[in-house]
4 protein chains.
Amino acid sequence: MQTSDAAVAARTALVDTRRRQLLNAAARLLGRGGSHSVSMQNVADEAGVSVGLIYRYFGNKQELVQAVIEDVLNEFSLRVAEPVQEEADPVRRLAAAFAGYCSVVQELRDAAVLAYQESKTLEPEGRERIKALEVESAEPLIAAAREAIDAGLLGDVDPRVLAYGLLTTAHLWALKHWYFSRFMTHEQYVAEHTALALSSVVRPEHRAAYSDLLGPLA
Amino acid sequence: MQTSDAAVAARTALVDTRRRQLLNAAARLLGRGGSHSVSMQNVADEAGVSVGLIYRYFGNKQELVQAVIEDVLNEFSLRVAEPVQEEADPVRRLAAAFAGYCSVVQELRDAAVLAYQESKTLEPEGRERIKALEVESAEPLIAAAREAIDAGLLGDVDPRVLAYGLLTTAHLWALKHWYFSRFMTHEQYVAEHTALALSSVVRPEHRAAYSDLLGPLA
Amino acid sequence: MQTSDAAVAARTALVDTRRRQLLNAAARLLGRGGSHSVSMQNVADEAGVSVGLIYRYFGNKQELVQAVIEDVLNEFSLRVAEPVQEEADPVRRLAAAFAGYCSVVQELRDAAVLAYQESKTLEPEGRERIKALEVESAEPLIAAAREAIDAGLLGDVDPRVLAYGLLTTAHLWALKHWYFSRFMTHEQYVAEHTALALSSVVRPEHRAAYSDLLGPLA
Amino acid sequence: MQTSDAAVAARTALVDTRRRQLLNAAARLLGRGGSHSVSMQNVADEAGVSVGLIYRYFGNKQELVQAVIEDVLNEFSLRVAEPVQEEADPVRRLAAAFAGYCSVVQELRDAAVLAYQESKTLEPEGRERIKALEVESAEPLIAAAREAIDAGLLGDVDPRVLAYGLLTTAHLWALKHWYFSRFMTHEQYVAEHTALALSSVVRPEHRAAYSDLLGPLA
DNA sequence: GATGAATGAGGTTTCATTCAT
DNA sequence: AATGAATGAAACCTCATTCAT
C-alpha cells in the first residue's frame, strides 16, 4: 500500500530525527559539564523532550551513551575519508588524514575525549564494538602509512604504531588543551606535530619533497 | 615523655598506613571497574575497613579521589627523577625519562589513566593542583629536551611539545593496550616510540652516536 | 487550547495537593514524635508516597521544614484575621485575636510548638523569613492593643509587650498542656488568661464595660 | 580503712568534677549552635576529653541530655529559692521569684530554652522526671501566689495559672529575645512584665502598697 | 582511668526506569 | 507518539557506641 509505505518512511525519518536530536543533546551536555552532567533528565531537557520519550529511541542509558560514542567515532571516519581521497601522494595522504582527525577533535573537543572515558562504564560487548570502530577509524592512516612505506618513502616502521601515535596526538590537543593553548594555536599544534611525525620517518632522500610539511625540521 | 612521643609516632604511622591502604584500594578499584566502581562502600570493602573509617582520613569522596590522582602523579615524578640523574648525555636523559614514565604507566596501567579522567568531576581548585603536578612531572623531560637543543644535538623544536608528546605516548600504552598488545610487547613499544621520537629531532650529524636508541631508523 | 489549559490547571492542582499532603504528613510526625522523628523516609511513609517524590516538591529537607513552619504561621494569620474584623470595639478585638490564636494552637497543638523549635536548625535566611512572618502574625494583636490605648481604654503599656505576651500565652497551652489539662479545660484556660491580661491593663473606669471578659477579676 | 575512705572520697569528687565539666560543655554547645551541634564528639572536644570518657559518666547520649536539662532546672530551683526567702511580703516574694527566674534565663539564655526542646526526644520516663522537676521549680511561685491570695492581697485567680504564666514569661525573653531587644533591655522587660502581672491580680485597695512594682499601671 | 580508632545503622539525596494518561 | 509523576535502589555521609591499648 502506498499509504503504508509513506507512513513507514515518515516514521523512519522521525526515528532518525529524534535519535539525532537526542545524540546531539547528550554530546552537548558531555562537552559542557563532563560525563557527570549526563543524566536522562538533563538530556531530555537539553533536547526539549520528556524523559519517557528517550526510552522509545534508546533501550536504556547505556545504549544512549554507546550511541553517542559510536556517533563521534563515525564522525571521525567520515571527516577523515574525504581529505584523504583528494591526495595522490601517500605521505601527503597521511598528513591530510592527521589534519582531518585534528579538525574533528578541535570541533568536538570535550565531547570527543569524554565519550572515550565513559567507555569504561559500558558492557563488554559494547566496548568491543567501540574498539572495532576505533580501529576502523584508524584504517585510513594505517593504509596511507603502509603505502608510503611500500613506496619506499618512509623508513622501517610499524604503520600501526605510526598511525596510532598520530591518532593519539590528535586527541592530545583536547586532553591538554589547557596547557598547549598557553603558547600555541591549534594550527601551530597541527603543523608542529605533522613535522615531528614525518621528520622521524621520511627517508632523507625524500625530505626535500615534503619541505612544506617538515618546516624547520626539513 | 617517651610514651607520648612514641604514641604520637605510632599515630602518625597509623595515619600514613591507613591513607596508603585506602589509596591503594581505590586505585585497585579504578583499575578494575573504572571510575563507576569507586563507591565509598566498595573502597571500604576493598580495603577491608568500614565506610565510616574512610571519613577519618579523607573529608569526603572528592578528597579521596583527588588524593589518588595526586598519588599517581607523585609516583611519576619520583620514578622519573632517578633514571634521569644517572645519565650525563641530555638525549639519553630524555630517553631515560621517557622509559621511566612508561614503566610507571605499565605498572599502574588502568589506575594511571582513569585517575586522570576522573579529574573532570573535581572542584576547579583541585583540578588546578592536578594540572600543576602534571606540568611538574613533565619538567624532567622538558629540561632534558631543552639542554639537548641548547647543546645543538636536536633540531629546532619546542621542548614542551616534544616532552608532552612523549608523556602522552607513555599513557597511550595504558589507553590502547588492548590494541598494541596484539602485536608487540611493552618493551618493543617503548623502543619503537623512543626511536620514532628521537629520529624526528636528533640532528643528522649526531644520529650515529645514538644508533642504539634509533634502531632501524638510525 | 483547552487540553493544554486543562492540563496546566490539573498539574497546578496536583502540585498544591501534593505539597499540602506532604506538609500535613510532616506536621503530623512533628506532633507525634518531635523533630527527631521527621526523617524523609518517615514523611514519605506517613504521606503514603515514595522518598524520591518529596524532592519534586521540596528541594531538600530544610525547605520542607521551612515550609511546614511557614504554613503554621500562615494559618495563624488567616485564622486570626476573621474574628478580629467582626469586632468594632478595640478591647474586644484584642480578646478575639487572642481567642483566635488559642484556637489554632489547640488545633495544631504540638506541630505549632515544635515547628518553632525546629527553626534553630534552619539557615539564617530562612530564620529571618520566619521571624518576619511571626512578627506579621502578631500585628492584629498589636494593632488592636494600640487602638485601645489611643482610645484611652487601656493604661500606659507597650502594645508590643502586651501582644507578644498574649501570643506566648496562647502557645503556653501547647507547651504545658500536660500540666494545665490536669485541672482545667482549654476554654477555661482561654477565659482565665483573657481576664488576667485585660484586668492588668483596662483602666478602672472602663472595667464595668468588659465585665463579661474580666470575670471574677472585674 | 582511712586510705579507702580517702580514696572513695577522691573518686567521688572526681566523678562530680567530670560530670560537671561535661554538663557545662554540653550546655555551652547548646547555647552556641543549638541542639543540632550536640554530638558526643563535640561535647568531648568542648570538654577537652575523649569520647570514650563520656561513657564512664553517662550511660549514653540520652542520659547526658537528660542530665543537662535537669541541671538547668535545678539551677532554676536554686537561684529562685534564695531571693524568695529574703522577702516577708508574699506579693514581693512573688515578684522576687519571677525576677529570679528571669535572671537565670538571661544567664543561660539559649541553653535554657534548647534544653526544653530537646526533651521531646527523650524516653517517657525521663520526660516525666523533667516535668516533675519543672513543676517543682514552679513551687516557690505557686506558694507565694497562694499565700498572697489567702492574705487577701490578690483577686480570685488560680495560683498555678498565675505562676506558670510568669514562668513562661521568663522564658519568653530567651525565645523572643531577637524581637524584644530591639526596643527594650532585659531590665525593662522584667519590670514591665512584673507590673503587668501584678496589676492584673493585686486588689485595688492594696495597689498603693506596691506602686514601686506596678509602675505606671499603679 | 583515659584514649580515640573503628564500626555500622540510619539519614539525606540522586537518578535510571516505569507507566497511567 | 508523548508526557512527566512516581518509584526505589544505591550513593554519600554522620554519629552514637564499643573496645583494644
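Chain naming here is simple, since letters A, B, ... match the order of the sequence lines and numbering starts at 1 in each.
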When rounded to whole Å, the CD to P distance for the pair B:Glu63 and F:dC12 reads 15 Å
Is a donor from one side chain sitting under 3.5 angstrom from an acceptor on the other, for A:Asn24 and A:Arg20?
yes
> Hey, does the side chain of D:Arg18 come within less than 4.0 Å of E:dA2's phosphate (OP1/OP2), counting only N and O?
Replying inline: yes
note: D:Ile54, atom CD1; E:dG1, atom P; distance rounded to Å ~ 16 Å
With a 4.5 Å heavy-atom cut-off, do A:Ile54 and A:Lys61 have their side chains touching?
no
(message) Are C:Leu23 and C:Leu64 packed together at the side-chain level, in the sense that at least one heavy-atom pair is separated by less than 4.5 angstrom?
(response) yes
When C:Leu14 and A:Tyr57 are each assigned the nearest nucleotide of DNA chain F, the 5'-most assignment goes to A:Tyr57
Atom CG of B:Leu64 and atom P of F:dC13 are separated, to the nearest Å, by 10 Å
Stems in DNA chain F, runs of 3 or more consecutive Watson-Crick or G-U wobble pairs with both distances under 3.5 Å, sorted by first number, are E:2-21 with F:2-21
Quick tally for nucleotides 8-21 of chain E: nucleotides whose base has a protein heavy atom under 4.0 Å get B, sugar-phosphate-only ones S, the rest -, giving B---SBB-SBB---
Rounded to whole Å, CG of A:Leu22 lies from P of F:dT3 at a distance of 10 Å
Check your understanding: Does some side-chain heavy atom of D:Leu14 sit less than 4.5 Å from a side-chain heavy atom of D:Tyr57?
Key -> yes
request  = Apply the test salt bridge (charged side-chain N to carboxylate O under 4.0 Å, His left out) to residues A:Glu134 and A:Lys131: give CA-CA distance (whole Å), side-chain angles for both, the deciding distance (0.1 Å), then the verdict.
outcome  = CA-CA 5 Å; A:Glu134 199 184 304; A:Lys131 286 178 185 172; over 6 Å; no
Any heavy-atom pair between the side chains of B:Leu22 and B:Glu46 that's under 4.5 Å? no
- Message: Any non-hydrogen side-chain atom of A:Glu75 less than 4.5 Å from a side-chain atom of A:Asp71?
- Response: no
By side chain to side chain donor-acceptor pair (under 3.5 Å), C:Glu70 pairs with (sequence neighbours left out) C:Gln66, C:Arg129
